[in-house]
Amino acid sequence: MYFDCIIAGFGGQGVMVMGNILAYAAIREKKKVTYMPVYGVEMRGGTANCTVVVSDREIGSPIIQRPVCAIVMNLPSLEKFGPRVRKGGLLVVNASLVPEEEIRFRGLQTLSVPSRELALEVGNERLANMVVLGAAVQKSGVVHLRSLKKALYPALDRRYHKMIDMNMKAMDRGAQFVEKGR
Amino acid sequence: MYFDCIIAGFGGQGVMVMGNILAYAAIREKKKVTYMPVYGVEMRGGTANCTVVVSDREIGSPIIQRPVCAIVMNLPSLEKFGPRVRKGGLLVVNASLVPEEEIRFRGLQTLSVPSRELALEVGNERLANMVVLGAAVQKSGVVHLRSLKKALYPALDRRYHKMIDMNMKAMDRGAQFVEKGR
Amino acid sequence: MAEIEFVKGNEAIAMGAIEAGCRFYFGYPITPQNDIPEYMSRHLPEVGGTFIQAESEIASINMMLGAGATGARAMTSSSSPGISLKQEGISYMCGSQIPGVIINMSRSGPGLGGISPSQGDYFQATRGGGHGDYRTIVLAPYSVQENYDLTMKAFDLADKYRNPVVVLGDALLGQMKEPLRRHKYRKKKGEKDWILTGAKGRSPRLLKSLYLSEGELTEHNWRLYRKYQRMKREIMYKVEFLEGAKLVVVAFGSVARILKSTVAMARDKGMKVGLFRPVTLYPFPYAALDKLSHKVRNFMAVELNTGQMVEDVKLAVGHKKNQVDFYGRPPGSIPSPDELLEEIKKVYNKRVKK
Amino acid sequence: MAEIEFVKGNEAIAMGAIEAGCRFYFGYPITPQNDIPEYMSRHLPEVGGTFIQAESEIASINMMLGAGATGARAMTSSSSPGISLKQEGISYMCGSQIPGVIINMSRSGPGLGGISPSQGDYFQATRGGGHGDYRTIVLAPYSVQENYDLTMKAFDLADKYRNPVVVLGDALLGQMKEPLRRHKYRKKKGEKDWILTGAKGRSPRLLKSLYLSEGELTEHNWRLYRKYQRMKREIMYKVEFLEGAKLVVVAFGSVARILKSTVAMARDKGMKVGLFRPVTLYPFPYAALDKLSHKVRNFMAVELNTGQMVEDVKLAVGHKKNQVDFYGRPPGSIPSPDELLEEIKKVYNKRVKK
Amino acid sequence: MAKVKFREERCKGCGLCVMACPKGILRVSSRINRSGYPVAEVQDMEACTGCTFCAEMCPDVVITVFK
Amino acid sequence: MAKVKFREERCKGCGLCVMACPKGILRVSSRINRSGYPVAEVQDMEACTGCTFCAEMCPDVVITVFK
Amino acid sequence: MKQIFKRPKALVDVPFHFCPGCHHGIIHRLVAECIDRYKLRGSTIGVASVGCSVFLYDYMDVDVLEAPHGRAAAVATGVKRACPSNFVFTYQGDGDLAAIGTAEIVHAANRGEHITVVFVNNTVFGMTGGQMAPTTMEGQETTTTPFGREPGTNGYPIKMAEVMAELTGTTFVARVAVDNPKNLMRAKKVLRRAFETQIKGKGFSFVEFLSACPTNWKMSPERATRRIGEEMVPYFPLGIFKEDNASGV
Amino acid sequence: MKQIFKRPKALVDVPFHFCPGCHHGIIHRLVAECIDRYKLRGSTIGVASVGCSVFLYDYMDVDVLEAPHGRAAAVATGVKRACPSNFVFTYQGDGDLAAIGTAEIVHAANRGEHITVVFVNNTVFGMTGGQMAPTTMEGQETTTTPFGREPGTNGYPIKMAEVMAELTGTTFVARVAVDNPKNLMRAKKVLRRAFETQIKGKGFSFVEFLSACPTNWKMSPERATRRIGEEMVPYFPLGIFKEDNASGV
Ligand SMILES: Cc1ncc(C[n+]2csc(CCOP(=O)(O)OP(=O)(O)O)c2C)c(N)n1
Ligand SMILES: Cc1ncc(C[n+]2csc(CCOP(=O)(O)OP(=O)(O)O)c2C)c(N)n1
Ligand code: SF4
Ligand code: SF4
Ligand code: SF4
Ligand code: SF4
């Protein structure tokens, strides 16, 4: 199997940690994986994105022009990376910041996740990224949801381990949204 | 015509100025000339030598392994450069600092100049280098003695121009020594 | 999962260094390699080591020169502009035969340039950007694991040859994360009988690069030259997809990594393309390429610059009836596997399918 | 005799600079080029110019960067270790396209080395010892007259290409004295519409090397690359004794000067030996050598190092059935014409008389 | 009679103006601008004395003051 | 009773010992050593007090002092 | 109603890239105000350094030259010597000026170059992600002093204004802060005197600004701004350290 | 009769290459005497700089490392950190330490490195033939100030001891001369205190020696030696500028 994706958004939306968790989940499943972050120059603000490649064979390029999947957390990221997704690929959109009408790409599967609403349901709007990640994994099947949740332990700094439960709930909620459509 | 020579001695014996004057004399005679100094590391003391090449055609190397002529002002210089003089070449030795018995090179013309004595005759032992230079030029004929004397003007710093007369006398004395053998 | 960690390239270098016994790190921050000093500042104290953030890159290399002279394993790291500033110091270390490891996670130049990956420092690293006729061994990793392994190796080579060793990575290799398998460092044997430790019970030792007596410096330079010749024993390279190849792509470091995908894609499309990756950039694997050139006619150098390593490829294979083509992406951006495939296709169609 | 002066090589450089309109000199003393700053300190004030003895070589190159940005003709000079320290600044000047003239009267390395002539900095000068994919024009005089002429030319080229220009001499070319014919400098026309002078009545100008927006730096590097390609127009070289030559010796600078005698001696002995002397080391006269290689089979590079320019000779002629031999004298001493004759004989006997 | 005007899209919600206001009439609201920052606002414009402290302290030159 | 000894071949004739001697008994002679320098000498050894000033001041460690 | 506070003309009307609450923005504005005040828009050549303020040229409506990291004072020397009637200033962070650029600033000052140096001391390397600067306070945690700066190994926070004042060549040396309106108003006046020093041909002027870097201090802008008065000013006292009225040179 | 003055053991018995009357020879001897006195012959690592004193290693009977021009303080930092129980000193001229090496000495001092710096101020670059140094006096003619040093263009003679004393990290800072027996005796005592500072683990010690360079001053050794008292001491006052008895760090 081979899967690659770009995860993109504002600095501060937690896109880097999403990429990390996905990568750790893949490692748990004994897959090969590379993770490549790209930062803007500014310390705060600006855009941030990362690329995760998962495969069961040795991985060549850690950077990808045309990914199988893109997870976009805001409008500029959609505009930049949406058109790059491969035909038949998956585009996961943070519907809380991207108006529905902007998402018009032919030949892609699209998944709009109302992340903020779902995160608030779980208890904290800052969990939006985990909701989206849960949804993306559920939809793409790149790793098991179970592995994704377990990956929180190695991926998060020990300081944040007390919040792992909440994060798991948020992932579940995202996955559930894919399953049930709401 | 082609002529090259190495002039060597202690720092402070004025070997550099000898080379310079010789070079200026050659320029006066519309010849091509190169001058190449070699200093030791120390600011004072140590050895100093320079190479002068005179020719009526364009000059190749400004440094010479086996010169036609060597002017050696002290013993270490004799030891270093004496053996390098070409067969049939000219070796001019400052006899005031080099014992006669040290000068035994086959197949060379040798000229021992009692520079200190002759310089004192002219009035100042510091003129020893000019005596030797006058003798060397007279012997080798590389330039006219006349040109050598005229060359004092461009070669010496204006501060020393008042001493030009004395210098000329010293050159004459050296030339005379060659002519008369004393 | 115990032994496999998911690690940033820069950190892998720092980990490799500490594992190999590096106990002194001197550096000055510069993007994109700050994870190295940051890791060192946190972890060196744990093993009784010393981390100094120096006042500049020049101070760093000279602190390393000082520590290296006492026999300590020491390292400095920087990125392109900072490496330029270290050139005088590197030349001195070569001249005085003091070992040390220099990491260049290079970025885009010239000048301040940008922080994207680049291979614009190939000449500087392989031909000695400093003055004089010296060389340093240059190792070019292309994965996080190699960052770790080759850094460890760099320390051994530096000691073995009493010479600085450069690890030449770039922003891509520093920033990417991959699983890393750490392994125990096996210490090479051998006493250092030249180090400065105070002349207790022996005559004094001296480490210097100044040679003024007649002929001394020339002799010293011959000695160094013979040493550089001996380094050829350390030549490393990797090949892939060579079976029946009609076109061999030559590339190192990050772009070789990207090309791994490209060449696989090309093979999928039936193109007989192989990949030759020098791991030691100095000494360069001339002989291996030369040998290959008896079987393969067409070579293509690919670099993240406008043409540097390609000269070495030409020097290796250009004397026969071989073709050496070149694709370069100047510093400032990185080509994707797909873009590179297009470039390879062009050459392949021209040379092989003609 | 009025116009012919007997001048030290270093001074000829300083004279040429002032004649070419250089009004700003920034430098830090180092043997064997101190006559240059010393001359400048005495004579620049006479023409209303400014001499600054900077606190270091790094400060010097950056002062020159500042003065050059305002359109002034500025120069800095040093010798090998000092030139190593200027590499970052040179890279910035290239990136920001700021002209300036850099004199390297090189000495022997590596490290402190010694003060004898050497050509160990060929790679540093021609391949950019600093980081990034930049180039500087490199001029290699071989006589006092050329020191003067090429320094003047360096200023024109620097302005024409908005790029630093390096004059690469060495201790021999700096210390030797020869007659010099000074000639009046004829000013090239052309306004500098990019210089910083205060934005009175116009929009502000900016000189920088940082390019961060996507694709911008790559584009900038392409622009620079095209400029470096255009520099090929400036290629200069000199040939001697080419008629019927069976072996062409390739050499530059001081060793070429020594070889002038050697080759004449060889001809006297009936050996058909010619001399090819690159005057621009970058851009290197590849095409001219290539052309020559259709007529001549055997080449021999001679350098005061263990092998640098020989790579360019191989790149120029190595793709045919040509032979490229090499004799190198490592930094620390200079060979005499006789010694070189022996080396040439060896090659001649092997290749031509075989 | 004084007035302060905020160029909201430039505000980064740092709150330095709030700290500076001697009358305590500023606050960082929960409104988010296009760059994603919460923006500062005046709660009681009447009380503004036009001291310009907020404008002086604003690192992003968001505020202009009229009197 | 004191005595100074000069290691003549090391002397450079700089005269710093002469300057230092409180008794004024040293001078730079016109004798030249092998390196070509005139060498320092004592004129009146009897007067030497062994103060070591000359030795301390000699840059070339030419002088040793006995008492 | 009259507009009593507006954006200085010399400050290009674009948003700053600085982090929320970063004092660089304030200091940029003060410099621009001086350029306006002394009508220097057409005669200024600014020298940008490498640090968070590297984009100076995007904000100042004057000619700007980018200096290599740490070398702004040497670059400015070249500029000013070539263009003595232009107004020349550098804008440098504490990494730039007090670490890698130590030799250049000390000697430009010692030569009494007729330039104005705006020195921003925020006790960290901002742009590169918060490493220790020479000015980092004792005990302060940074990314390269994870256990706090310990003078025994990392040295002491360096007081640049004091060092500058010690040099014979300097004419005007001061330290200011912009952490509250009072200090800010004083900073304005001091900066004007620094500008006047150059305009009147009196020599080298140097103003050290204590500045907050909320991002790398890992503090809210408010907390960071308060830190200046609470921690920095006691160690880095504000004031004019030197004001030489003799005509510079 | 007893020998009451002899060559120190740590001073190798070979002739110095220095010019007649150069004070480097005296200063070398004083350093060697301290090495003998504190029995440091087996534990010293000297760092030689580039200048007339580059051949330090030919004269001192201890391990020596050659530093690039100006970088001795950084090199010594590396040495001392790696070998904290060795005695480490640098020996540097004023070109080396106060021009190209400014940043390195300032920061080694500021870090309070446990090293001893012997700084020889002879107001010129000796080895390279007498160019201006940062310490060259106003009006002094050198090969690069042919009309005399003019502060307006060349800056002021820099007082390194004073600058060093200003830095928090230094423990012992002094300036001495060896131009007459009285000053020389005092210099000996001061140098001992500098050695003791390091031996007792108290931190960074710095001794500036005023030194004559007859060759480049174009003076007789005697005249040059007198110049120190007449011209240099009034500008570069002798004394101990700092002596911190707290246990360094
Ligand atoms: C030669 C070189 N070394 C290092 C760097 C990396 N670098 C860029 S900015 C900077 C320091 C920034 O700190 P400071 O000067 O305090 O400015 P701030 O960002 O805090 O405003 C460094 C080390 C560089 N660009 N060039
Ligand atoms: C990088 C570099 N720049 C310059 C030099 C040349 N250089 C050698 S010694 C020296 C200065 C010597 O003066 P100082 O340090 O005062 O020592 P002194 O010779 O007077 O004792 C210089 C500039 C060098 N060797 N390396
Ligand atoms: S100070 Fe400026 S940027 Fe900060 S909150 Fe107030 S208006 Fe917004
Ligand atoms: S001080 Fe020493 S070198 Fe100088 S004259 Fe006296 S004995 Fe000779
Ligand atoms: S990192 Fe610090 S100094 Fe840089 S812009 Fe942000 S707050 Fe300002
Ligand atoms: S040049 Fe000066 S410092 Fe150097 S050895 Fe001679 S007198 Fe001493």
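Chain letters run A, B, ... following the sequence lines, proteins first and then strands; every chain starts at 1. Note that the coordinates shown come from a computational prediction; the quantities given were computed from them, not determined experimentally.
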Heaviest contributor of heavy-atom pairs below 4.5 Å to chain A, chosen from M176(C), E178(C), K177(C), is K177(C)
May I ask you to list the residues in residues 248-263 of chain C that approach chain A closer than 4.5 angstrom, counting heavy atoms only, ordered by number?
R257(C), I258(C), K260(C), S261(C)
Side chain, backbone, both or neither of P335(C) within contact of chain A (heavy atoms, under 4.5 Å):
backbone
Looking only at non-hydrogen atoms, find the nearest pair between I63(A) and P337(C) and report the distance.
O-CD, 3.7 Å
Name the member of R66(A), E58(A), K32(A) that forms the most heavy-atom pairs with chain C at distances under 4.5 Å.
E58(A)
Residue-level interface, residues 72-94 of chain A with chain C, non-hydrogen cut-off under 4.5 Å:
R86(A)
Tell me whether M163(A) at atom CE has more than 12 heavy atoms from other residues, nucleotides or ligands lying less than 6.0 Å away.
no
Nearest heavy-atom approach of Q175(C) to P37(A) is O-CD, 3.2 Å
State, to 0.1 Å, how close Q65(A) and D338(C) come at their nearest heavy-atom pair, and which atoms those are.
CB-OD1, 3.9 Å
Y153(A) atom OH, over 12 foreign heavy atoms within 6.0 Å
no
With a cut-off of 6.0 Å (strictly less than), are more than 12 heavy atoms of other residues, nucleotides or ligands near NZ of K150(A)?
no
More than 12 heavy atoms of other residues, nucleotides or ligands under 6.0 Å from CD of E100(A): is that the case?
no
